Number of protein chains: 2
Amino acid sequence: MRRDIFQAIADPSRRAIIALIALQAMTPNAIAEHFDTSRQAVSKHLRILTECELVKPEQRGREIYYQLEINKMKEIDKWLDQFRKIWEKRFTQLDTLLSTLKKPKK
Amino acid sequence: MRRDIFQAIADPSRRAIIALIALQAMTPNAIAEHFDTSRQAVSKHLRILTECELVKPEQRGREIYYQLEINKMKEIDKWLDQFRKIWEKRFTQLDTLLSTLKKPKK
DNA sequence: TATATGTGCAACCAATTGATTTCGCAATAG
DNA sequence: CTATTGCGAAATCAATTGGTTGCACATATA
């Protein structure tokens with residue numbers, strides 16, 4: 001029952017929702033209109049996204065606008081850091097190798 | 001049945017496996033010893049990781065070493081780009097706001 | 001050759017997931 | 001007040017998931 005952000009973005013529908021509301025907060029109905037799915041299905045996804053704080057609801061009259069918590073996305077970025085170190089290192093090694101091959105003299 | 005990388009990293013066990021073999025390729029048995037789980041369970045995770053090309057098996061005698069395909073991780077990084085643009089923009093806006101508040105005289 | 005070891009794979013099972021349907025509630029409109 | 005609209009929550013269902021168990025097979029070792 002514990003939600004984490006990685007599980008949240010695992011579903012393609014949720015990634016689509018995230019991308020959609022990234023620039024502008026939207027209501028569940030408005031979101032559902034963009035996809036071939038029911039309002040309730042979207043609502044369920046929004047519940048999951050809200051639970052892991054990737055999205056924040058904001059009541060405006062009887063409508064609820066859902067906004068992306070962009071800062072939460074940084075957690076993924078942070079997780080990637082451990083691998084980023086590795087691929088940058090490999091790139092540097094490759095770079096060194098290439099320049100060694102390019103100037104074989106000396 | 002279609003695997004993608006986001007589903008692959010959704011599972012905590014798989015993230016742990018990825019992190020473990022990031023620096024050094026390992027056999028299924030060796031990996032399983034690091035966790036409180038069976039060899040077969042690890043093998044299943046490796047199958048999923050291999051299917052989406054996040055991991056590559058390398059036969060050495062009767063052992064199979066699994067190595068992380070670090071380049072595949074960049075796909076996540078690439079997906080994050082669309083949001084990175086946004087949070088950098090927000091940061092700049094905040095920065096502008098703060099500097100405006102700091103020097104109200106002019 | 002016989003035995004032990006490292007592995008993948010299929011069968012099976014409980015738990016979870018994503019979607020639909022139905023309902024109830026609150027805010028707005030008539 | 002009554003009807004409509006926007007919404008969340010519960011019930012339900014098929015499909016998927018992660019795990020275990022039991023095999024089969026190939027490579028080493030005795």
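In what follows, chains carry the letters A, B, and so on, assigned in the order in which the sequence lines appear, proteins first and then strands, with residues in each chain numbered from 1. Worth saying up front: this structure is predicted, and the values here are computed from it rather than measured.
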From the set [options], return the single nucleotide nearest to any side-chain atom of [X].
X      : options                  : answer
R62(B) : dT17(C), dG6(C), dC7(D)  : dG6(C)
R3(A)  : dT17(C), dT20(C), dG8(D) : dT17(C)
K44(B) : dT7(C), dT20(D), dC7(D)  : dT20(D)

Check whether any side-chain N or O of [X] sits under 4.0 Å from OP1 or OP2 of [N], and answer yes or no.
X      : N       : value
Q59(B) : dT27(D) : no
R47(B) : dC9(C)  : yes
H45(B) : dT17(D) : no
R14(B) : dG18(D) : yes
S13(B) : dT17(D) : no

Write down the distance between [atom1] ([X]) and [atom2] ([N]), rounded to a whole number of angstrom.
X      : N       : atom1 : atom2 : answer
L46(A) : dG8(D)  : CG    : P     : 7 Å
E51(A) : dG8(D)  : CD    : P     : 13 Å
E63(B) : dA4(C)  : CD    : P     : 19 Å
I64(B) : dT7(C)  : CD1   : P     : 6 Å
I48(A) : dT17(C) : CD1   : C1'   : 8 Å
Y65(A) : dG8(D)  : OH    : P     : 13 Å
D4(B)  : dT16(D) : CG    : P     : 15 Å
I9(B)  : dG18(D) : CD1   : C1'   : 17 Å

Is R15(A) paired with D4(B) through a side-chain N to carboxylate O contact shorter than 4.0 Å?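 Looking at R15(A) together with D4(B), the answer is yes, because their closest N to O distance falls below 4.0 Å.
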Is the shortest side-chain N to carboxylate O distance from R84(B) to D81(B) below 4.0 Å?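 A salt bridge is present here (some side-chain N lies under 4.0 Å from a carboxylate O).
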Exercise: identify the closest heavy-atom pair between I5(A) and K72(A):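 Heavy atoms of I5(A) and K72(A) come nearest at CD1-O, 3.3 Å.
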Side chain R3(B), main chain A8(B), donor-acceptor under 3.5 Å: no
Under 3.5 Å: donor-acceptor pair, side chain of E53(B), backbone of T50(B):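 No.
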Show every donor-acceptor pair shorter than 3.5 Å between a side-chain atom in residues 56-66 of chain B and any protein atom, with sequence neighbours excluded, or say none if there are none.
unit_1	atom_1	unit_2	atom_2	d
Q59(B)	NE2	G61(B)	O	3.3
E63(B)	OE1	Y65(B)	OH	3.2

Distance-only donor-acceptor test (3.5 Å): side chain Q40(B), base dG22(D):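 Such a pair exists between side chain and base.
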Using heavy atoms and a sub-4.0 Å distance, could you list which residues of residues 27-39 of chain B are near DNA chain D? By number, please. T37(B), S38(B)
Validation: residues 39-47 of chain A side-chain donor-acceptor distances under 3.5 Å, sequence neighbours left out:
unit_1	atom_1	unit_2	atom_2	d
H45(A)	ND1	R14(A)	NH1	3.1
R47(A)	NH1	E51(A)	OE2	2.7

Toward the 5' end of DNA chain C, which comes first, G61(A) or A41(A), by nearest nucleotide?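 On the 5' side of the pair lies A41(A).
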Count I, L, V, M, F, W, Y as connected when their side-chain heavy atoms are under 4.5 Å apart, and connections chain through other members. Are L54(B) and I48(B) then in the same cluster? no
